[in-house]
Each structure stands twice: as C-alpha cells, then as structure tokens.
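Heavy-atom basis, side chains included; hydrogens, waters and symmetry copies ignored. Below, chains carry the letters A, B, ... as their sequence lines are ordered, and counting in each starts from 1.
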Amino acid sequence: MPELEKNYDAPTVEGKWYREWLDKKLFHAEARRGGNPFTILMPPPNVTGILHMGHALNVTIQDILIRWRRMEGRNVLWMPGTDHAGIATQNVVERALRKEGKTRNDLGREAFLKKVWEWREQYGNTILQQLKKLGVSCDWDRLRFTMDEGLSGAVTEVFIRLYDKKLIYRGNYIINWCPRCHTALSDEESVHVDTRGKLYYVRYPLREDSGKHLVVATTRPETMLGDVAVAVNPGDERYRALIGKKLVLPVAEREIPVIADDFVDPEFGTGAVKVTPAHDPNDFAIGNRHGLQPLDIMRPDGKMNENAGQYAGADRFDCRRRLVEQLDAEGLLEKIEDHQHAVGHCYRCDTVVEPRLSLQWFVKMKPLAAPALEAVRSGKIEFIPERWNGVYLDWMENIRDWCISRQIWWGHRIPVFYCGACGNEWAARGAPGACPKCKSGNIRQDEDVLDTWFSSWLWPFSTFGWPEQNPDLKLYYPTDTLVTASEIIFFWVARMIMAGFEFMGELPFRKVYIHGTVRDNTGRKMSKSLGNSIDPQAIIKDFSADALRFSLMMVTATGQDVFLSNDKFEIGRNFLTKLWNAARFIQMSGKQIDDASPDAAGPEALALPMINDSGKGRAGQLVPPFVPVGQGFPALSLTPDEQFILARLDGTIAACAENLGKYRFNDYAKCVYDFVWHQFCDWHIEYVKLPLGSGDEARRRESLRIMHHVFAHILKLLHPLAPFVTEELWHKMGYGGEDETIQNAPWPVPLGCEQLARLGVDQRAVAYVEMKHELIRVCRNLRTDCDISSSAGVRYIIRPENDEAAAQLSADRDSIKALLRAEAFEVDRAAAPQKALNALSPLGAVFIPIEGLVDVEREIKKHADQLAKLAGSLAAIERKLNNADFVGKAPPEVVALQQERRREALAQSEKIRRVIDLLSGFHPG
RNA sequence: GGGCGGUUAGCUCAACUGGCAGAGCGCCACCCUUACACGGUGGAUGUUACAGGUUCAAAUCCUGUACCGCCCACCA
C-alpha cells in the first residue's frame, strides 16, 4: 500500500489513473456489451469555444450521472463532440485574415474554407482538452464534429426529405439581417435588447395642399426613404377624409398614398404609420394586402443604396442623423420624443439587426411541432424543473417558420441546384453533373449554407451513423437525459425533439434537465466582455478539478442560477483535504498493526467488505457477516459506535440514491459532505482512536476493518463528484487491484434496518450513541461554562437516568472519558450534586465536582434562564394541545409528537427545578 | 405588453408532499489533543420583503404591493 503524502497534492488529468482510463478505453461503450443502456449527449461546444464556468457546471452534472450509472452497471455512453458554429467560426477566421489585411473575398470560397479547416485543426480541440481536465468521462473514441462526413450526410438527407415533403421552401420575406456578418439570422438569433431610443414625428405634406400635412411617428427615420404609403386605421375619424389622398414623401419627393389598414393602432404615436415593406415585417404584410411594391433602400452592409438618392452610400445611422437634420431644417420635423423599445441584435456580434426583405430558405415548422408538442404535454418528455414545460409549450404553440439559409461560407452548403438552361430547381446528394430534366451541364449549386442548428438538431441520431441503421443506433437511441442551459431550449432542445419524431419516429430523450446560469457574485452573467468571468482553468490550478466540481455542486440548487466567487471553491478544497487526511489517519492506524503483528495479513485484506457489493449475486445481499480477516483474529461483536456509523452510512447511501434520482445534486453533495465530515471524521475517527490505541489486537483489527469498510463506501459515494482523488485513494488504500478502477466498483445499495440487524447493528445501540454524543456535548459545555481549559484534566460524574443508561454508560466509560479527554468519567447512580457544576443530558445529570469554581449565583441564573426558555416553548405546546381544533384536525402523529414534546419539556423542567433547589441550598444566604 | 424566477442570519444560499427555520463563509472565545490550522471545541445572530387571506398550523398555499433578475413579444 503506497503511503499517502502528508501534503494533499490534488490528482489531476495528468495523473496516472486518468491516462489509464483513456488507454484502457474504460469510457468506451459498445453495443455488443448489450445490457441496460444509458446514453447522454453532451451539448457540443463550439469549436471556437474556450471552457467557461457554464461548461464546467454543465459537464459536471452529466459526468455525475454517467459515473453513477456506470457504477450501477449500466451500459453507459456519453457522446462528445463539437459544433462547427458557422457564423462564430467564420468570424474568428475572418478576424485573423483581417490582421493580414485580407478579406474572405480576396481568398475566394475554396481557399477560405481551407483556411477555416486549418484553423479548426489547430485550435478546434482546445475546449476538448480543457474538458478532459475536468475529468469528464465521455466516450472520447466516438468524438463527432457537425461537419464530419457522416453528419454532413445526415444533414443532406434531412434537407432532401423535407424538401421533397415541401416542408422546406424558398421565398422572399422580411428576415433578420446582420449587416456586419452579412447574413440572414433566424428569429432566435436576433436578441431583443431594451434600448432607450427616440421616436421621431415627421410631417408628410399633402400633395393637394402643401400647407397641410400628416404627421407620422417612427423610430427609424432613415427607412422613410423606402416608404410606399402611409397607413391609418379605417375607423379613425381624424384621418377618414385623407384615405386615398396622396402625400409627398419628404426628401425623396415621391408621391405616396394614404391607405387604410386594421393593423394600425390609433392610440400609438399619431395613429398614422409610414409603410416600408422592404424593411419591416408588419409593413411587408400591409404592403402585400394592398398590392404595394416594396422599395429596398439598403445594401447588405447596412449602407444606403442608390434608391436612397442623396444618401446613397451613407451608413444607416449616419443617414438617420443627417436625414433628421435635413427634416428639421425644412420644418418637417414636428418633435422628437424619448422612446423605450426593444431592438434586435445579432447574437454573434451584437450588431443592430436590420429587418430586410430577401430571398431565403425556410422550414415549415407547424407540422413538425405537432408530435413534439404532444410528447411534452403527455409527459413522455419531462423538463426538470417542471416550469420549463410551459416555456417550451408556449414557444412551440406559436412556432414560426425557421429561416435556415445563411449567406456565409462555413457550413453545410444547401444541396439545391439550379439549371441555367431550363430553370429547373432540385435537391440532390453529392454533385450532379447535369440537370435531370434537360440534361444541360449548365448547372450551379445554391450559394448559401445552412444554419448551424440545422446540423445540431440531428445530433441525437446523426452521431450514431443515421440514416444508416446499425446496432449502436438501435441500442443507444433514445438517450436518457439531456443536460443543458435554458438559453438553448428553442435553438436546440425543441428542434431535436421535432427532428427525433420526424426522422426516427421516436423522442430523442426522456428528460431534459435545465440547470441555471452561472453568474458572478453581483448577479451578472459571466462573460468575457464584462471581464467578470472566473476561469475554470485557474480554479483547477488553484483548487483542483475535484474541488471545482464538488464546490459547484454544493452551491448549485436545482435549476437555480449559480452565483460564484473565488472563495466558493474553498468548500471543495477544504473538504477534499479533510478526506485525504482521514485516509492518512486510517492508513497510519493500519501500519501500526503491520508493525505490531508481522504475520498478519497486510492492511489490504482488511478492506474486505462485510456486505456483498462485489457485483456478483444479488446486490446488497449479505455474505456471512464478519468474514474473519487474517489469521488468529476472530470476529468480534460491533461496539455501539461502530453500529452507529454503519447505520448512518446506510442512511447516507439511501439519501444519495434518492437525491441523485431527483437531480438534486446539491443535496447529494451535502449529504456525503455531512457524513464524511460530521459523522465519520468528527465522531467516528475520534471514537476509534481508543480501540485502535488499545493493546487488544482483535479489537484493533476489527475497528480498523469497519473503518475501511466505511471509507471504501465513502470513496464510492464520492466518486461521481470527485473522480480524481477518489480513484487515487481507492488504489492507495488498496481497495482495488492495479488494473481495477473505482469506476467499475459497484454502487452502494442501502440495506435497511432488517439487514443491518443481521449484521449486528442494533437500533437501540444506535439510539444510545446519539445520546452519548449529546452527553459529550453537554459535558464540553459544562467545562467551558466553568472556564476550565480544555487541556486541564477534568473529572466528570454522571448520575444515570435509568438502569439501561447505567449499564450502557458503565460499559462505555472509557470511550466517553477518552472523547472528553477527561481525567475521569465516573458513573454513579447515587451521586448527589454536591458543590458542583451540573448539567442535564438525555442519559443523566452530569457534575464536575470542583469546589471553589462554582459561582452559585451565575449557575442559578443560568438554570433559571434555561427554565424560562423551556417554559416558553412549553406554553406554546400547551396552547396547541388545549386547542380542540388542533387535537381534532391535525394528523394523529403530529398530535402525538406534541404530546411527546410536552412530556419531555415537563420532565426537563422538573430536573432543572431540582438543580436550582440544590444550588439554592449552597447559597451562602 | 405577456410569462417566469427571486426577496430567509452580516454575506452567499438551503429548507422536496404546510408540522420545532438550517448550512457554508464571516464573527466571538478557547485550543498546535501524535489525520487534518484548508484543523478542533464551544458560542452569538432571524417579525422568512410588505399588506391581507385560507388553515388547528404558513418561509411554504391564495390575493395584492414593492424591489431585483431573466425569458418571450411585429405597436410604428
């Protein structure tokens, strides 16, 4: 057994065990293994990505689920991969080119794409390396990329199927256009940001009577150059007479009609709306209703085009400023008001999005949404926490068609071809040589590529080789739980569900666990631009990956946002150091035995489990308890404290399973934390120092064996949270052979009271130890109250409560004495509280018989205060019990509980009163 | 404009189906007790945002208010 270093040096991904996991393909799932599959898809990070806390939170949760299920013996597959992130990646590469003074057009499509692939070769794996440092145990051999050949094939296949079903169509519509990225965006990619803008009131003179004018209000005055009409509500009395009249559009000096449309809200602005069909979705609709020809006044780069007359070439915002000045100078600007409204921004570059009329490809979503809606409505797919069901359903019910074409180069090119000869348009796999209709070779492919999400939405099955049917796809689809953030419910989750039903005929996953957003401690979202992000790499360096994972889970309540600051990670670091030191303690104790009895089997043998968790036979089944260990050490009966720790361990095992099953990762982490620190370390290790230090060899070995049993279980319970250190300790403690990993150690199963009893765990002993702990706390308080230094030897006398307590205490005297570091601990049924400090415990009254140390007045006051407090709570209990409604309506067990409390409170008061009487007797007066 | 979440100890947050409001950090006192000072022992700290209501019983359920934060939305 390798000795543990005194200073805890956190194991890392560079360490021995992780490398071996990878070498041995421990994470590799195989269909032929069969069994009960458990699949998780890692949300593929962008190739351009670098690891941030959101990733860390996301993958830690998944890794916990995966390692837990792996230890349970499931056929586990965790699919990793990266996303080509069309616009984002293209932007990154273009930025690099710009530094060389070039644009993508200088290179041309082919050469540019070559550059992007080179970039991805060089930097695309950064995030994967970073993920490994966190200990994520995904199936690295299956790594996929959305631009891989297989996945690209799936994209083409899906496009063609939808195209043939007429669910994909091409048309001229108003889309969100990013003038910086030069591409269309989907509605989801345009993020609305509340902005303090201006509302400009502009006078449009009447043609017939230039002295009169109609005032329209607009937030984007530059678009007036594309106005083709002004609309008013047909019911609006103010304007009824103007309907059908002509106005002169200022600056452009064009004639435009006044039209009537129900869309116009008479309450807003002036009740008259300028109609600009080429630059506003509502106006586009109005224009269509009235047969008006749209007039495009802008270029793709956001500068005005030749239709803008004198403003041609001006940037849209520059144009706005100058145009307003001109209007003002001409007396056509009525007023400017402040106006709060939501403005769309490009989700990749934050540029203000321009609604723009253009020819794009769309997916008709309503038919796809139907089964996906049903799946969540019926509960076949569940969101956790539940409230996201509503968000999802709401979006799906109001789903709009999806704009999937992008005017960039990096991505899956739209597999549609056009014939220059006959005008034929068709979708095809591969590169056709000629038009299928007229056989002309004069064909060209559509220039656009598909939205990145058009490949991501196929991830649950494209990663398994779809459309090819194979054993992997059959076994591992559908997956189990999708773990992700709320930001991509619409982008990704909803679309995967739709694709799953459409192309696989089945849901892609059963559960969607939505975790919170990682924020800094002032509640702001962590982001590079704010400079408030905590770099997981730095945390790993300073605190270890295990500490990062453990701390994250400790502070993350289910589905709530996480507020982080550096010091939060001390929780995990301190805890894991504590664990390490507990291991050192056990190991040092083990060595003592080696030294003392050289013929005994080594400490490794001590780790023999008492309970059948070997993975063979029925889980949790008992093997004959207390298999003799080594030679000449017969099994002994368990001490009360050992029974106690085994009972608590069993409770912890049960609690872990329950919390994991409910995705309550913080409660899971907390219950292990509490058990390790406050049960095992605070009490059991302190307790066990006596038997381990005693000369009784058999007792020592037996105590040590229980320690190892409990500690091995702790490591297992902790492994999903802290994989590195638990693996390290698993081996260093000798629990696993050289080639065995804790990942394959069977997950502990709770035994329950009955089976525990067969092991020799008596609930009465468990109850006694609980009271013993309370007694020890009472004694320590007593000593503190009396200002006796903890190093001074103290003599305690206890007068036991009853015969049972007397027997238990007498048998356990030495242990209590040791835990108190007392000079003496005497059990005396006849002890009378002489001139002594005294206190009450569940097992009996305790005294420290030291004359002269007693401040009688203070003692009386102390007890009187206690009595008063007790009287208060007693009164509250009485009030309840005297309330006929309470007794009549509350459940019987709640009433019984109150009665029990009253009984206890009364008994306690009586005892305190007696003590006060006694103390008063000492009173000098 | 619609929807969702939050408001609990000095700070950051828990408290699953109503039944004695908890943890970590910080704070105070004492302690280098041979696993651990990234530690040990003990301690202090709450009108659960506010106002009503339901109930024997409310941090928890209902109604409303205030503030903070998200998401969605074509009122120019």
Name the pairs: protein N/O against N/O of nucleotides 20-26 of chain B, kept only if under 3.5 Å.
residue	atom	partner	partner atom	Å
B:C20	N3	A:R901	NE	3.0
B:C20	N4	A:R901	NE	3.1

I'd like the [atom1] distance from [M] over to [N], given in whole Å.
N     : M     : atom1 : result
B:U47 : B:U7  : C1'   : 15 Å
B:G3  : B:G42 : C1'   : 50 Å
B:C67 : B:C27 : P     : 36 Å
B:G40 : B:A58 : C1'   : 39 Å
B:C74 : B:U8  : C1'   : 42 Å
B:G46 : B:A59 : P     : 16 Å
B:G69 : B:U60 : P     : 24 Å
B:A15 : B:U54 : P     : 28 Å

Please confirm whether the ring centroid of [X] lies under 6.0 Å from the ring centroid of [Y].
X      : Y      : value
A:H684 : A:Y687 : yes
A:W677 : A:Y673 : yes
A:F665 : A:Y513 : yes

Integer-rounded Å distance: [N] [atom2] and [X] [atom1]:
X      : N     : atom1 : atom2 : result
A:N781 : B:U41 : CG    : C1'   : 9 Å
A:I399 : B:C72 : CD1   : C1'   : 14 Å
A:D885 : B:C56 : CG    : P     : 6 Å
A:E487 : B:C72 : CD    : C1'   : 14 Å
A:I488 : B:C71 : CD1   : C1'   : 15 Å
A:L552 : B:U12 : CG    : P     : 18 Å
A:M707 : B:A35 : CE    : C1'   : 9 Å
A:H515 : B:C71 : NE2   : C1'   : 16 Å

Is there a Watson-Crick or G-U wobble partner for [N] with both distances under 3.5 Å, and if so, which one is it?
N     : value
B:G64 : B:C50
B:C30 : B:G40
B:C25 : B:G10
B:C20 : none
B:C75 : none
B:C4  : B:G69
B:A15 : none
B:A58 : none

Tell me whether [X] is salt-bridged to [Y], with the criterion being a basic N under 4.0 Å from an acidic carboxylate O.
X      : Y      : answer
A:E337 : A:K198 : no
A:R777 : A:E774 : yes
A:E878 : A:R901 : no
A:R495 : A:E188 : yes

- Task: Would you please classify the geometry between the A:Y796 ring and the A:F825 ring as parallel, tilted or perpendicular, with 30° and 60° separating the classes?
- Result: tilted
- Message: Both A:I776 and A:V391 contact RNA chain B. Taking the nearest nucleotide for each, which residue is further toward the 5' end?
- Response: A:I776
- Query: Toward the 5' end of RNA chain B, which comes first, A:C681 or A:F575, by nearest nucleotide?
  - Reply: A:C681
Is [X] touching bases, backbone alone, or none of the nucleic acid, heavy atoms closer than 4.0 Å?
X      : value
A:P891 : base
A:V894 : base
A:D682 : sugar-phosphate

- Message: Given 3.5 Å as the limit, does a donor-acceptor pair link the side chain of A:D394 with the main chain of A:G390, or not?
- Response: no
Taking the side chain of [X] as heavy atoms from C-beta outward, which of [options] is closest to it?
X      : options             : value
A:M588 : B:G40, B:A35, B:C56 : B:A35
A:R780 : B:C38, B:U41, B:C36 : B:U41
A:E658 : B:C16, B:C36, B:G19 : B:C16
A:D194 : B:A35, B:G19, B:A73 : B:A73
A:R664 : B:C72, B:G43, B:C16 : B:C16
A:R821 : B:A35, B:U33, B:G42 : B:U33

- Item | Between A:D261 and A:H290, a side-chain donor and acceptor under 3.5 Å | yes
- Run the side-chain hydrogen bond (donor to acceptor under 3.5 Å, both in side chains) check on A:S589 and A:K689 step by step: do they pass? CA-CA 9 Å; A:S589 313; A:K689 285 173 179 171; over 6 Å; no
Could you pull out the protein-nucleic contacts involving nucleotides 74-76 of chain B (nitrogen or oxygen on both sides, under 3.5 Å)?
residue	atom	partner	partner atom	Å
B:C74	OP1	A:R400	NH1	2.9
B:C74	OP1	A:R400	NH2	3.3
B:C74	O2'	A:N282	ND2	2.7
B:C74	N1	A:N282	OD1	3.3
B:C74	O2	A:N282	OD1	2.5
B:C74	O2	A:N282	ND2	3.2
B:C75	O2	A:D265	OD2	2.9
B:C75	N3	A:D265	OD2	3.1
B:A76	O2'	A:A217	O	3.2
B:A76	N6	A:D265	O	2.6
B:A76	N6	A:F268	O	3.1
B:A76	N1	A:D265	N	3.3

- Message: On a heavy-atom basis, which atom in A:V887 and which in A:L881 lie closest, and how many Å separate them?
- Response: CG2-O, 3.2 Å
- Test A:D187 against A:N176 for side-chain hydrogen bond (donor to acceptor under 3.5 Å, both in side chains), laying out the working first. CA-CA 7 Å; A:D187 293 336; A:N176 303 292; 3.1 Å; yes
- Does a nitrogen or oxygen in the side chain of A:K689 sit under 4.0 Å from OP1 or OP2 of B:U33? no
- Item | Under-4.0 Å side-chain N/O to phosphate OP1/OP2 contact, A:R387 with B:C71 | no
